[in-house]
Amino acid sequence: MTKRLTLKENIFIGSMLFGLFFGAGNLIFPVHMGQEAGSAIFWANLGFLVTGIGLPFLGVIAIGVSKTAGVYELAKRINQKYAFIFTVLLYLVIGPFFALPRLATTSFEIGLAPFIQEKEQSLFLIIFSLLFFFTTWWLSRRPTKILDYVGKFLNPVFLILLGILLLLAFIHPLGSMNQPIQANYQDQAFFTGFTQGYNTLDALAALAFGIIIVTTIRNMGITKPSEIAKDTIKSGAISIVLMGIIYTLLACVGTMSLGGFALSPNGGIALAQIADHYLGTFGSILLALIVILACLKTGIGLITAFAETFTGLFPKRNYLFFVTLASIIACLVATVGLTTIIQVSLPVLMFIYPLAMTLILLVLTGPLFKQRPTVYRLTTYFTLFASILDGLNACPNFIKQTDIVNQLLHFANSYLPFFKLGMGWIIPALSGFLIGFIWSWLKKESSITD
């Protein structure tokens with residue numbers, strides 16, 4: 001008899017996935033979007049949900065239905081060298097070089113910095129980073145326990161604390177939903193919210209966390225690939241619904257907060273103001289706990305995914321080695337501060353994000369073109385060209401002002417649709433897909449699985 005997960009087990013796994021996805025950035029961006037969107041919050045939030053929860057859900061489904069062990073096997077459908085480079089780059093970005101150190105710096109700046117004098121913050125950031133990454137290292141050493149750590153303990157505590165703050169904000173609102181609309185949301189609220197959803201980085205993380213979900217399901221006794229795929233989709237749906245509800249509530253709280261506060265530079269400041277308004281010093285402590293818990297559970301997931309993947313890519317080293325390596329590098333990078341991390345990493349994110357999105361979509365639409373390699377390759381190669389331009393456009397001015405880069409960006413602005421919106425990859429990706437489909441059909445190419 002085929003073993004199946006119970007509803008309770010699916011809920012626990014869904015809770016774990018939510019906990020892995022929902023870091024501090026997921027708290028900050030909806031609040032700030034709500035403040036900027038004002039009365040246009042409905043359409044802005046709808047756009048945000050498409051990319052903030054829609055794409056991550058598709059990523060989790062792609063891992064589940066593909067019957068693969070993770071990103072590397074998916075990307076091998078393009079070619080092996082590309083798969084290796086793409087996988088290493090993706091895990092370095094969502095691991096020790098950007099997402100992991102951002103977790104520590106974000107939780108410090110929002111949760112602890114308000115209690116520390118500015119001149120002492122650099123020293124305390126170093127101390128906090130050491131403690132933060134020692135904790136994530138300790139909890140990441142035994143990946144089979146990740147369901148207990150995140151799904152059963154950390155995530156419920158996080159939801160209770162966040163729920164207290166949201167409940168107070170709706171019982172005693174600072175203002176109405178009819179607030180001024182900032183310029184970038186006045187004409188294109190949906191599309192602006194759509195691109196704001198990129199900031200969560202969850203489409204990238206979905207490819208990393210998918211392997212954790214599959215491994216967890218296997219450890220619970222499910223071995224049949226079709227059952228693993230079904231349980232992955234069920235658990236993912238639970239997580240995504242919960243994320244969508246919280247994103248919407250946070251966005252509404254952000255909009256209403258304009259009734260009592262001016263537009264903030266970022267959602268972290270807005271959250272701190274809201275917490276202080278309702279609960280005073282206790283509110284600031286509550287916010288600190290919320291943010292640190294959010295970052296801690298996401299950090300555990302990222303380190304676990306990084307170590308498991310790199311163990312497969314570099315089998316001469318064991319799992320604990322890569323857990324330790326990721327923790328040490330992330331701790332060192334965190335000491336440079338949040339602003340510097342974002343500035344350095346943004347061009348890389350703009351480069352890799354379209355490649356991850358097209359890979360997810362190719363896996364899910366694979367049955368339409370019978371998984372033919374040419375479709376994977378041409379779609380990816382065309383997208384790669386646009387991704388390079390997006391990455392260059394996000395570089396510092398001293399790079400953008402060089403002759404060759406300036407000419408490339410001028411070409412992109414003039415001839416590449418949606419480039420100014422940060423979505424210049426769409427037309428090249430569609431073109432590559434159509435050319436690859438026709439070419440593979442004319443050649444009567446075999447599928448990848450043949």
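Just so you know, these numbers use all the heavy atoms, side chains as well, and skip hydrogens, waters and symmetry mates. In this chain, numbering begins with 1 at the start of the sequence shown.
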Open item on the list: Under 6.0 Å from the ring centre and within 45 degrees of the ring axis: does the NZ or CZ of R372 meet both conditions for the six-membered ring of F369?
Closed with: no
Open item on the list: Using only atom types and a distance under 3.5 Å, with no angle test, would you say the side chain of S107 pairs donor to acceptor with the backbone of A104?
Closed with: yes
Open item on the list: Looking at every non-hydrogen atom in both residues, tell me the closest pair between T255 and G34 and how far apart they are.
Closed with: OG1-O, 2.7 Å
- [ ] Kindly say whether T232 contributes a backbone atom to a donor-acceptor pair with the side chain of S235 at under 3.5 angstrom?
- [x] no
- [ ] Of all the heavy-atom pairs spanning T51 and G197, show the shortest one and how long it is.
- [x] OG1-CA, 3.2 Å
- [ ] Compute the centroid of each ring, for F385 and then for Y381, and state whether the two points are separated by less than 6.0 Å.
- [x] no
- [ ] Return the orientation label for the F86 and Y82 ring planes: parallel under 30°, perpendicular over 60°, tilted otherwise.
- [x] parallel
Open item on the list: Are more than 12 heavy atoms, taken from residues, nucleotides or ligands other than K443, located less than 6.0 Å from that residue's NZ atom?
Closed with: yes
- [ ] Please state whether the rings of F190 and F194 are parallel, tilted or perpendicular, taking 30° and 60° as the class boundaries.
- [x] tilted
- [ ] Might you point out which heavy atoms bring L90 and L204 nearest each other, and give the distance in Å?
- [x] CD2-O, 4.1 Å
Open item on the list: Do T358 and W425 make a side-chain contact, defined as non-hydrogen atoms from C-beta onward lying under 4.5 Å apart?
Closed with: yes
- [ ] Grab the two heavy atoms, one from D390 and one from G424, that are nearest each other, plus how far apart they are.
- [x] OD2-N, 4.2 Å
Open item on the list: Is the ring pair F84/F314 parallel, tilted or perpendicular, if the boundaries are 30 and 60 degrees?
Closed with: perpendicular
